[in-house]
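As structure tokens, the structure follows; a few thoughts come after it.
A quick note: this is a predicted structure, and the numbers were derived from the prediction, not measured.
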Amino acid sequence: MYNDKLVIGIITASACQSEQRQLLDGIISQAQKAGAITVILSNIYNSSEYYAKIEIENKIYELISSKKIDGLILTAESFLNDDLKSYIFKKISSRNDIPVVISGYNMPGYTCINNDIHSDFENLVKHLVEAHGFTDIDLLTGQKNVDTSHERKEGYKKVLTSNGIPYDESKVIYGDFWMSSGEALAWEYINGERRLPQAIVCANDYMAFGLLDTFLENGISVPDDVTVVGYEFIGERFYHAPILTTYQRNRRAVGKQAFNLLWEKMTGKTTESVSIDGKIIYGSSCTCKIDNNMLSRELQAIRREQYYSQLNLVGNFEQELTLCRSISDYIRILQQFTYLIRDINGVHLCLYENWCSSDLSTSSDNNNSDTMIYYRVITRYPSSDEPVFFNKYELFPDEVSIEINGTVFYLCPIFFSGRDIGYFILQYDKPDGYDIIFRDWIKIAASALESLRMRNDITTLLESRNLSEHHDSVTGLYNETGLKNELIRTLNAASPEDNVSMIVIRSELFTDNTSLDRQSTSVRIDMEIAENLKSETLRKDTFCAKIADKLYLFCSVGSFDEKYEQLVCDRLSTLISHSPIYSENCSTDSLVVCSLTTSVSEFNFSSVLKSLRESLNEQISRLSDIRKHQNYSDYLRLRNELYLNPQKEWNAQTSCRDFRLSYGHFRATYKELFDISFHQDVIRSRISYAKYLLLTTALSLTSIAYKCGYEDEKYFMRQFRQLSGVTPNAFRSKE
């Protein structure tokens, strides 16, 4: 639930297809009347076969698990791949904490709704029999092993038998719901393999279009020689001749009723029942009078689609994205070309935190963090351009505007060649959605992200380094595999009473490292951090590793307690944050350290690492929330300066004048943002720098105290112990 608004999750496939858009229109229109937020999860291609390069798009359905969703509607018939459909059903079954309604499929134990296809076909065939007087009618239906194919057949059969027309099984032809089936049947008539009847009923419009096109090319006149009718009304009749007479399933009404059923379950409020009866849409493939009003609406829709298609064709979106050197360049160009997406109110970009790393998830190996980075592309309301970190199961951060009741969000997967990158969020304020042209837009956008990643891929730049598969190619540290191997060897020789300490370090937060100009600096920072970690591994059975981009692990095995863990965390944080390159290029909020100590007997690498990652994500999320404060950047600039120059005489009264704020307001805001008073932070900055000097120099305590702004060595030592819990000499010791 967002801001007391209920969130309706819609699980569909190929949301850009006309059939799904009709269904979604009905659901969304009712949701907007109720003031609910609609979140639509959909793949882009919806392949019926398994293709490894695009199967990764279906990871978008992991978000079914989001606790932000208060109720679900599954449009089951939209899924073409049986394995994917089974996966979706399994995910739906796991959500026994919320109500679920399923459209287009009867699933035991769930509220299900669908058009009465049997009744629809009765009405369609009845029209041919009663209005036209036909008695010789063929049926082209779908695959023989598909239930809905037989529903169509039974409706056809019932009308024939009830009107005294003999039913002939040979006049039922099984196809595949695509144009090729219509083309194949047309050739059977043309070649004389099958006698041409008075009328042909097609199980959907696509098969009817295949018939019409082939008849037209081979001199068979419709409707003079034969009448052809379709089913579904997909809205593409202008591309075929003659204009098809078809039956419109009332998908919009099904969508409305699906929402009503869900809403009753969610709120207990009774809703008005919606009639889901369909109707015949008259064209010129039978001799009835054509519906010109419907034709006019179809033509307007086609012209609109062609207009946006032309915009995408002649625009230089792809060329401009090719020139991107950083994620900020990328966002700027997206902003220039969002006009190519029809009727959009907002575009938001959500990328995996490690999207730019070479270890990002593939269909067979999931290395994705649950942490996402949000970037604003366009919004109706003014908002910050600062990136925001959030957990993907939150769906989107608060920065995505949800002030308006009935907001519609489409979450569209971004992927490239089997790599899951993240998702775009398209935002609408009316019952609408993207069309098939959007496929090209998002494909170009995904390709550009991959190009940017490859251009900045440090691993690619350092391919010549012949390091083993157990080491990181940039720093020479162990990678995750190498570290695990070392730990296994060490744990086998350890005592059950020994402990294992694992410390995870995330560096360079809130820093755009995708710029080519930034890459050399980022490499130097990586090397600097590696040297700092190595300097702390002189103790026996202590190891360090780089397990992902900007993510490091420090592990120790031995007889020690949590105080040791805290001391090591302190030493590592000090070394990294005060290192010359890091401190010059990264802010004081860019480093997060989490730790966990457990006994050897209870240690499990995967579970400990998972727990540490969760703690890390919580801290990052908290920092991200703090950064939303309107004056945060100004206060952070001051704090960075404070930690870079701790020896200066700092006082709050002087600093608050620079902000043109009252003394009290400045002090209160500073403590609110950094959870420490300005005065105490001055002391902390001095002690922090003293720790760095203790670890990296042989300076005497007197010299260190002086360099940190202390004239009294004893006062320095007293404050050091108060803040650190140990004496300066104990902190300096590596024992």
Does [X] reach the main-chain N or O of [Y] with its side chain, forming a donor-acceptor pair under 3.5 Å?
X      : Y      : value
Ser590 : Leu509 : no
Gln335 : Val377 : yes
Asn640 : Thr588 : yes
Arg721 : Val726 : no
Tyr478 : Lys484 : no
Ser66  : Leu63  : no
Thr669 : His665 : yes
Ser611 : Ser607 : no
Ser624 : Ile620 : no
Asn479 : Gly482 : yes

Looking only at the side chains, is there a donor atom on one of [X] and [Y] sitting less than 3.5 Å from an acceptor on the other?
X      : Y      : value
Tyr692 : Thr697 : no
Asn729 : Thr727 : no
Ser326 : Ser328 : yes

Return the [atom1] to [atom2] distance between [X] and [Y], rounded to the nearest 0.5 Å.
X      : Y      : atom1 : atom2 : answer
Arg613 : Thr371 : CZ    : OG1   : 8.5 Å
Ile547 : Leu477 : CD1   : CG    : 11.5 Å
Cys350 : Phe390 : SG    : CZ    : 3.5 Å
Met502 : Cys594 : CE    : SG    : 11.5 Å
Cys544 : Ile529 : SG    : CD1   : 11.5 Å
Tyr643 : Ser685 : OH    : OG    : 5.5 Å

Item to check | Evaluation steps, salt bridge (charged side-chain N to carboxylate O under 4.0 Å, His left out), between Glu62 and Lys392 | outcome: CA-CA 10 Å; Glu62 291 178 353; Lys392 76 173 183 178; 2.5 Å; yes
Checklist entry - Can you name the side-chain hydrogen bond (donor to acceptor under 3.5 Å, both in side chains) partners of Asn532, sequence neighbours left out? => result Ser579
Side-chain contact, heavy-atom cut-off 4.5 Å: [X] with [Y]?
X      : Y      : value
Ser556 : Val500 : no
Glu508 : Tyr582 : yes
Phe510 : Pro387 : no
Leu616 : Leu551 : yes
His348 : Leu411 : no
Glu480 : Leu609 : yes
Asp498 : Ser599 : no
Thr490 : Phe543 : yes

Over 12 foreign heavy atoms within 6.0 Å of [atom1], [X]:
X      : atom1 : value
Lys628 : NZ    : yes
Asn492 : CG    : yes
Lys534 : NZ    : yes
Glu649 : CD    : no
Glu320 : CD    : yes
His629 : NE2   : yes

Checklist entry - Do Arg506 and Tyr552 meet the cation-pi criteria used here (NZ or CZ under 6.0 Å from the six-membered ring centre, within 45° of the axis)? => result no
Sequence neighbours excluded, which residues qualify as side-chain contact (heavy atoms from CB on, under 4.5 Å) partners of [X]?
X      : value
Ser606 : Asn604
Gln722 : Arg718, Gln719
Gln680 : Ile676, Ser677, Ile683
Glu450 : Phe416, Arg419, Arg453, Met454

Checklist entry - Which is it for Ser700 and Thr702 under the side-chain hydrogen bond (donor to acceptor under 3.5 Å, both in side chains) test, yes or no, and what are the steps along the way? => result CA-CA 5 Å; Ser700 67; Thr702 302; 4.5 Å; no
Item to check | CA sep, side-chain torsions, deciding dist, call: Lys550, Asp526, salt bridge (charged side-chain N to carboxylate O under 4.0 Å, His left out) | outcome: CA-CA 8 Å; Lys550 314 308 175 193; Asp526 276 342; 3.3 Å; yes
Kindly assign one of parallel, tilted or perpendicular to the pair [X] and [Y], based on the angle between their ring planes and the thresholds 30° and 60°.
X      : Y      : answer
Phe674 : Tyr632 : tilted
Phe337 : Phe317 : tilted
Phe731 : Phe720 : perpendicular
Tyr710 : Phe716 : tilted
Tyr689 : His578 : tilted

Item to check | Heavy-atom closest pair, residues Pro413 and Ile442 | outcome: O-CD1, 3.4 Å
Checklist entry - Ile525 and Cys586: which non-hydrogen atoms are nearest, and at how many Å? => result CD1-SG, 3.9 Å
Next on the checklist: Would Tyr670 and Asp681 count as a side-chain hydrogen bond (donor to acceptor under 3.5 Å, both in side chains) here? Give the steps.
Outcome noted: CA-CA 10 Å; Tyr670 194 96; Asp681 213 14; 2.6 Å; yes
Item to check | Pairs flagged by salt bridge (Lys or Arg N to Asp or Glu O under 4.0 Å) wherever residues 689-708 is involved - sequence neighbours left out | outcome: Asp570-Lys691
Item to check | Residues Asp634 and Arg637 bridged, charged N to O under 4.0 Å | outcome: yes
Checklist entry - Should Glu536 and Arg571 count as an ion pair when the cut-off is N to O under 4.0 Å? => result yes
Item to check | Stepwise salt bridge (charged side-chain N to carboxylate O under 4.0 Å, His left out) test for Arg332 and Asp329 | outcome: CA-CA 5 Å; Arg332 177 179 52 79; Asp329 287 348; 3.8 Å; yes
Checklist entry - Does the separation of the ring centres of Phe409 and Phe396 fall below 6.0 angstrom? => result yes
